Amino acid sequence: MTRQFYITTPIYYINAQPHIGHAYTTMVADAMARSQRLLGADVFFLTGTDEHGQKVERAAQKAGVDTRTFANDVAGSFRQMCRDLSITNDDFIRTTEPRHHRAAQALWRRVAANGDIYKGDYEGWYCTVDEIFVPETQLVDGRCPTCGGKVERLKEQSYYFRLSKYQQPLLDFYRAHPAFVQPDFRFNEVRSFVEAGLQDLSISRTSFRWGIPVPDDPAHVMYVWFDALTNYLTALGFGADGSEAQARVERYWPVVIHLIGKEILRQHALYWPAFLMAAGINPPERIIAHGWWLMGGAKMSKSAGNVARYQDYVRVFGVDALRYFVMREMPLGLDANFSDEGVLTRFNADLANDLGNLVSRTTTMIHRYCDGVVPAPGERDELDASLERQIGGTIGAVVRQFEQFQITVALQETWELIRFVNQYIVKREPWALAKRPEQRAMLDATLYHAADALRVTAALIDPVMPEAAERIRRMLGTAQERWTDLTAGGLQPGTRLGPTEPLFPRIEKTLEELRTMTPDETPAPAEQKAATPAEQKPAAPAEEPRVTIDEFMKVDLRVAKVLEAEAIPKSKKLLKLKVDTGRDQRTIVAGIAEAYQPEQLVGRSIVIVANLQPAKLMGVESNGMVLAGSPDGGQPVLVGFDQDLPPGARVR
Ligand code: ME8
C-alpha cells in the first residue's frame, strides 16, 4: 500500500526578500520530499508566503506602494527562489488567496462552534516583528526576547481562544506521541512551557486591516498566526466545497511533517494542535525544529541585517553545491555558521576532490581502457566483495538516516563510500593493470565495481544534489533508480557511457577574488583534468600522535561568560576580555578581533582553557585561552552551545 508523506516549510513573511535562512528550510524540505519519492511514497510538498499582518502593511507603506502590489512583488521573489533552487514543491500557497480566506474562516467557525472563542479586552506588549504578545515578565530590557526589537503597548477589544482549556489535552497528546517534536530537547522545552500553565490567547486585532476578517464581525481581522497556521490545511482543500477537496484532506492529514526554524516552535507545537483539537481535527504527526544559520555569531535575519543572499552562492558555486553545503554543515537541530570560507572549503574538498575525482577517473578510464563500455565484472575477490558490502551498507544507512531527517549523517555515510571507492581504485592501480594484458580480468572487475559504486553514489546524492546526480547518470549512461530497487551490482555490463564532463571543477580563486566578482564574471574554475596515474595517488594520511584520556583531562575546559570586551590599542587581531569563570573573574586576551566586535561579545558564553599558564600579549597579561575554530586561512568562529550553560560548567 502506498504511504503518504506530506511535508511543509513555514510560509515566509513577505516584509523582506528571501535569504539563506529561508532557502535552507526549503532545500531541506525538498531533499526530504525527493528522498520519499525515491522510496515510493505518495508525496505532497508545500511551501508559500505569509502575507498578512501589521508588519507587511508597514513595509508596504515604507516602500511607498499599496499593500497588494507589495505582496505580489515579494511573494514573486519567494516563488523565484523555489525555481532557482530546484525545489519540487507541489503547491505554493499565498495567504492572500481566496481559498485561504475560506479555509481560515471555516476553521474559525469550527473552533467558535465548539465554544472556544470569546470576546474580551486585551492590553499588553506586542512585538510587530514576531507578531506576538510578549508577557511583561519575559521582556528583556523592555524589548522582545526573541528578536530584540521594540514592543508596543496595545489595548484593544479582541477575540480570545481558550488555550488554557487545552493545557491537559496537550500534555496528554504529547505523552501519547513521544516523537511529536524533534529533536527531543526541543520537545522538553515545549512540555515545560505547557506544564507551567497556559493563558487564553488573543486571536483578533482591530488596529489594522490587512488580514482575514473574522466571520460575522469584520471590524476584527484574525491574528496572523491563526491565519498562517491554517495554510497547511488550505492547500489540501480544507474549507472548499466538494468531495475531491475532502478526499485530499483525508489523504494527507494528519500524516504531515512541519519543518520549521526553532523560533516558531511554540506556535507549531502548542497553538496549532490546540486550534486543531478545538476544531475536532487531529494534530499534525511531527514538528521538526531546525537550528539557525549564524553570521558573525548572531542569527542571520532580515531584522538584524546580517543576511547572505542565496543568489550570490548559486552564481559562484552552483545550486547543487549550495544545497550540499547547507545540508552537510548543519546537523539537525543545531545552529551552524554560514561563511564564504566554509562553502569554499567544502566545495573544493568534498565536491571537487572526493566526488569530482571519483567521477572523472572512473569514467575516463572506462573510455580509455574499455572503449566507453561498462565491462563485465567476472570473478570477485575479497577486495571487490568488501566494496560491495560497503555499497550495500551505505544504501541501508542512508535510507535510515533520511527517514530520521539526519541528512547530514546520510551525506557523511555517502562520503565514506566515495572515499572507500577512491581508495579501492588506488589499491588496484588500474592504470598499471592496463599495461599488463594478463591482468585484463582484474582491470575489468575494478572498473566495473568502481562504476557500479558511482551509480549508487549518484542515486544516494540525488535528493540533495539532483542536477549532479543526473549529470553522473548521463556520464554513466544509466537511468534514475528508486531507492527501493537499489543494490550493489545493479549496473548492466555493456552499458555505453556518455561523454565525460567536469562535475565540480576546483575553484582556484581566493575568497577575495570571489567576493569582488561581478555577476557576469562566471567563476572560472580550473579545468578538472582527467586523472593521470600520478595524480590518482592521494598522499597517505600522516599518522597523528594520540593523547591518552588522562593527558586530555589535564586541560581544564570551562564555560565562561564575557563581562567586558575591548580592543587592544595597536593590535589588529587581539581583544581584551574580562570573563566570569564561575570561580573568578579574569582577563583573557583573544585573537578574534578580525571576526568579532567587542560589543557582540558581552554577555556571551564562551569556552576557555582555564588552567593555561599566564602569558603577556601586547603588554596585557592573559589568564587562559578562548576556544574558536577556523577554516584554513579563515576567520575564527567562537565555540558555543545550543543551550545556555552557566559559567564554570566543565567542557570535555
Ligand atoms: O516566521 N536560519 O516567517 P519568516 C535558519 N511567517 N532558518 C531560518 C533563518 C536562519 N537564520 N532565518 C529564517 C515566519 N529561517 C512565519 C511562519 S508558518 C505558519 C508562519 C527560516 O519569514 C526558518 O524556517 O520569519 C524560519 O522558521 C523561517 O525561515 C521564518 O521565516
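Please read these numbers as outputs of a predicted model, since none were measured by experiment. These numbers come from the heavy atoms of this one structure, side chains and all, not from hydrogens, waters or symmetry mates. Each ligand, and each atom within it, is numbered from 1 in the order the structure gives.
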Problem set entry | Identified side-chain hydrogen bond (donor to acceptor under 3.5 Å, both in side chains) counterpart of Thr9 within the set Thr25, Thr47, Thr26, Asp30 | Thr47
Exercise. In order of chain and number, which residues sit within 4.0 Å of ligand 1 by heavy atom?
Worked result: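 Answer by chain and number: Pro10, Ile11, Tyr12, Tyr13, His19, Gly21, His22, Thr25, Asp50, Trp225, Ala228, Leu229, Asn231, Tyr232, Gly261, Glu263, Ile264, His268, His290, Gly291, Trp292, Trp293, Lys299, Met300, Lys302.
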For this session: Check the side chains of Thr96 and Glu51 for a donor-acceptor pair under 3.5 angstrom, ignoring hydrogens and angles.
Result: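 Thr96 and Glu51 do have a side-chain donor-acceptor pair below 3.5 Å.
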Exercise. Using a distance-only test with no angle check, is there a side-chain donor-acceptor pair under 3.5 angstrom linking Ser207 and Tyr126?
Worked result: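 Checked: Ser207/Tyr126 side chains show no N/O donor-acceptor pair below 3.5 Å.
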For this session: Taking ring pair (Phe, Tyr, Trp, His ring centres under 6.0 Å) as the test, write out the residues that go with Phe70, two or more places apart.
Result: none
For this session: For Trp292, enumerate each residue passing the ring pair (Phe, Tyr, Trp, His ring centres under 6.0 Å) test, keeping only those at least two apart in sequence or located in another chain.
Result: none
Problem set entry | Summary of salt bridge (Lys or Arg N to Asp or Glu O under 4.0 Å) pairs that have at least one residue in residues 269-290, sequence neighbours excluded |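 Matches after skipping sequence neighbours: none remain.
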